[in-house]
J.: 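Have a look at the structure that comes next, please.
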Amino acid sequence: MSFWLFKTEPGCFSFENLKNRPNMTEHWDGVRNFQARNFLRDQIKTGDLVLFYHSSIPEPGVVGLAEIVRDGYPDFTALDPNGEHFDPKASPANPIWFMVDVRYLKELPRMVTLAQIKNHPMLTNMPLVKRSRLSIQPVQQEEWQIILAMGGMDTP
DNA sequence: GCCAACGTTGGC
DNA sequence: GCCAACGTTGGC
C-alpha cells in the first residue's frame, strides 16, 4: 500500500465536493502531465491512501484523506471533443491519459498548511516543497504520519 | 495580478 | 536532439 498527495483547486473540485458524496466514487480525471500520468497508470493502486491538497488559494494545504478505489484506466474525457480536457492525439487504442477513482475517507481535524509543511524539517524533501507544480505526488510513510499528526489525527 | 519554475512544442 | 518560444501552474 502506498501514499500519495493529490492536488486540486477547490474552485474546480474541492474536498467538500468529495465529502458531500461519501459513498460515491469520483473520477480523478483531467490530469495532463506525463509524470503524474505515469503514477496514475502504473503505480497508484486500489487501497492506496491520498492526502487531499487544496492549491491556488490564499492558504493552500492538506485538508483531508481519500482512498483509491480503482486502479488506473483510460481517461475518457480526453476523447470528448466538447470537453474541457479534450486531447486530439488521444484515441481508444492509444488513450494517452489515465485516471483513477477515489472515495472520501476523512477530514483532518485541522488543516495542515503549506507553510507548516515547509517549516517542518522532516518534510523538506517532499515534491510539494521542491517541485510544487506536480499535481500527483508520492508521499513517504514517515511524511504521511507526520502530516496526519500535524492535522490532529491520532495515529495508532 | 505578478512572476518564477517548469513542462511542452516546433523549427532547425 | 537542441533550444527558444510559449503556455501553465501555483505561491505570494
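Everything numeric in this text was worked out from a predicted model, so none of it was measured. A, B, ... follow the sequence lines: proteins, then strands. Residue 1 opens every chain.
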J.: Taking only side-chain nitrogens and oxygens of Lys89(A), does any of them come within less than 4.0 Å of OP1 or OP2 of dT8(B)?
T.: no
J.: Name the nucleic acid region contacted by Pro60(A), choosing base, sugar-phosphate or nothing; use a 4.0 angstrom heavy-atom cut-off, strictly under.
T.: sugar-phosphate
J.: Starting at atom CD of Gln116(A), determine the distance to atom C1' of dG11(C), rounded to an integer number of angstrom.
T.: 16 Å
J.: How long is the line joining CZ of Phe34(A) and C1' of dG7(C), in whole Å?
T.: 15 Å
J.: Send over the distance from Ile136(A) CD1 to dG7(B) P, rounded to a whole Å.
T.: 15 Å
J.: Below the 4.0 Å mark, does dC6(B) have OP1 or OP2 next to a side-chain nitrogen or oxygen of Lys130(A)?
T.: no
J.: Remember a base hit wins even if backbone is also touched, and classify Ser56(A) as base, sugar-phosphate or nothing at under 4.0 Å, heavy atoms.
T.: base
J.: Output the rounded distance in Å from CZ (Arg133(A)) to P (dC12(C)).
T.: 15 Å
J.: Grab the CD-P distance between Gln35(A) and dT9(C) for me, whole Å please.
T.: 15 Å
J.: Side-chain N or O of Tyr53(A) less than 4.0 angstrom from OP1 or OP2 on dT9(C)?
T.: no
J.: For a quick check under 3.5 Å, do Ser135(A) and Arg32(A) share a side-chain donor-acceptor pair by atom type?
T.: no
J.: Holding to side chain to side chain contact (heavy atoms under 4.5 Å, CB included), I want the full list of residues that pass it with Thr25(A), two or more places apart in sequence or in another chain.
T.: Val69(A), Asp101(A)
J.: I need the CD1-P distance between Ile57(A) and dG1(B), as an integer number of Å.
T.: 18 Å
J.: Whole-Å distance between dG7(B) P and Arg131(A) CZ?
T.: 7 Å
J.: Listing request: all side chain to side chain donor-acceptor pair (under 3.5 Å) pairs with a residue in residues 51-62 of chain A, at least two apart in sequence or in separate chains.
T.: none
J.: How long is the gap from CG on Leu40(A) to CD on Gln43(A), to the nearest 0.5 Å?
T.: 10.0 Å
J.: Out of Leu148(A), Val63(A), Leu128(A), which one pairs with Leu51(A) under the side-chain contact (heavy atoms from CB on, under 4.5 Å) rule?
T.: Leu148(A)
J.: Answer with base, sugar-phosphate or nothing: what part of the nucleic acid does Leu114(A) contact at a heavy-atom distance below 4.0 Å?
T.: sugar-phosphate
J.: Between dA5(B) atom C1' and Leu128(A) atom CG, what is the distance in whole Å?
T.: 14 Å
